[in-house]
Amino acid sequence: MGGVSNVPLIKDGKRLDGRKPDELRDVRIEAGVLERADGSAYLEWGSNKVLAAVYGPQEVLPKHLSDPTKAVLTYRYNMAPFSVDDRKRPGPDRRSVEISKISAEALEKVVLLEQFPNTMIKVFVEVLQAEAGTRCAALTAASVALADAGIPMRDLVVACAAGKINDTVVLDLGKSEDNFGQADVPIAIVPHTGEIVLMQMDGDLTRDEYTQALDLAVKGSMQVYELQKDALKRRYGGVVDEQ
Ligand code: UDP
């Protein structure tokens, strides 16, 4: 997020990759792609490629983390060393720890943790290829993987970002837009209630722009939500149970 508006990112109403301001990159989701995990999902979002795996509910280790009132949910967001242009140093860093924490908190809002006291649900997301928007892609995939694991949830969580480039509010920033744009606002919502379970902001927006960005991000999220449900229907057939 360079905070500059003079790098041309929109020409004749179209963005550098040909999208309109309110258009998402292509999103493709597949549920149940790994045999060893209890649940899994693979997601492509533009050039982002992420793989999510879920284990549990299972025994809590280390035991002192155990909670007699509910399951403990852990989330590990990890970028593969080969996921970015300059090799990413393996292992956690401040950014991945932050993304893991806020993503776990978002999922805790929908997973019925109280049904599984003294257990642990572990979510792992590996970013195989990154091109901006990976925290949203990761959380969206994780939510499908949790459903694939058969873990009871109030609803799926779906994430999407909006932001500002060349003084225009746009949906779902790509890499150059993220680098040279003016603001990026990733959000995650619970579609049925409209509850916002994650929100961050990088850069500056006026109050009006913020409202526009939020509106766009919610609309984008709802489009991705349909794709999450389609992925689960393709895997399990029929109608996904909507409470
Ligand atoms: N990125 C990178 N190296 C890093 C972290 C990020 O090259 O160590 C790139 C990657 O393409 C990522 C983008 O910068 O998708 C934007 O990162 P940001 O922290 O805004 O998170 P994201 O938009 O992926 O959720």
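FYI, side chains are in, hydrogens and waters are out, and symmetry mates aren't considered; it's all heavy atoms of this structure. All ligand and atom numbering here is 1-based and tracks the order in the structure. Quick caveat, the model's predicted, so the values are computed rather than measured. Quick note: residue numbers are just sequence positions, from 1.
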Closest heavy-atom approach to atom 6 (C) of ligand 1 among Lys175, Gln129, Met79 is made by Met79

query: Considering distance alone, does some N or O of Ala132 sit under 3.5 Å from an N or O of ligand 1?
result: yes

In this structure, atom 16 (C) of ligand 1 is nearest to the protein heavy atom Asp178 OD2, 3.6 Å

Honestly, for Arg95 the part within reach of ligand 1 (heavy atoms, under 4.0 Å) is side chain

Among non-hydrogen protein atoms, atom 3 (N) of ligand 1 lies closest to Val84 CG1, 3.8 Å

Do Asn48 and ligand 1 have an N or O pair less than 3.5 Å apart? no

Query - Side-chain donor or acceptor of Asp202 paired with backbone N/O of Asp184 under 3.5 Å - result: no

If only atom types and distance count, is the side chain of Asn166 paired as donor or acceptor with the main-chain N or O of Thr168 below 3.5 Å?
-> no

Worksheet item: Are any side-chain N or O atoms of Ser96 and backbone N or O atoms of Pro92, one a donor and one an acceptor, separated by less than 3.5 Å?
Response: no

Ranked by distance from atom 23 (O) of ligand 1, the top protein heavy atom is Gly133 N, 2.7 Å

Distance-only, no hydrogens or angles: does the Glu30 side chain make a donor-acceptor pair with backbone N or O of Ala231 under 3.5 Å?
-> no

Note: ligand 1 atoms sitting under 4.0 Å from heavy atoms of Ala130 are 10 (C), 11 (O), 15 (O)

Quiz item: For Glu131 and Asn48, does a side-chain donor sit closer than 3.5 Å to a side-chain acceptor?
Solution: no

- Query: Any salt bridge between Glu195 and Lys109, counting N to O under 4.0 Å?
  - Reply: no

> Should Arg135 be counted as touching ligand 1, given the test is an N or O pair under 3.5 Å?
Replying inline: yes

In terms of heavy-atom contacts, Ala53 and Leu34 come closest through CB-CD1, 3.9 Å

In this structure, atom 8 (O) of ligand 1 is nearest to the protein heavy atom Lys88 CD, 3.7 Å

For atom 24 (O) of ligand 1, the closest protein heavy atom turns out to be Thr134 OG1, 2.5 Å

So, does Asp155 use its side chain to make a donor-acceptor pair with the main chain of Val190 at under 3.5 Å?
no

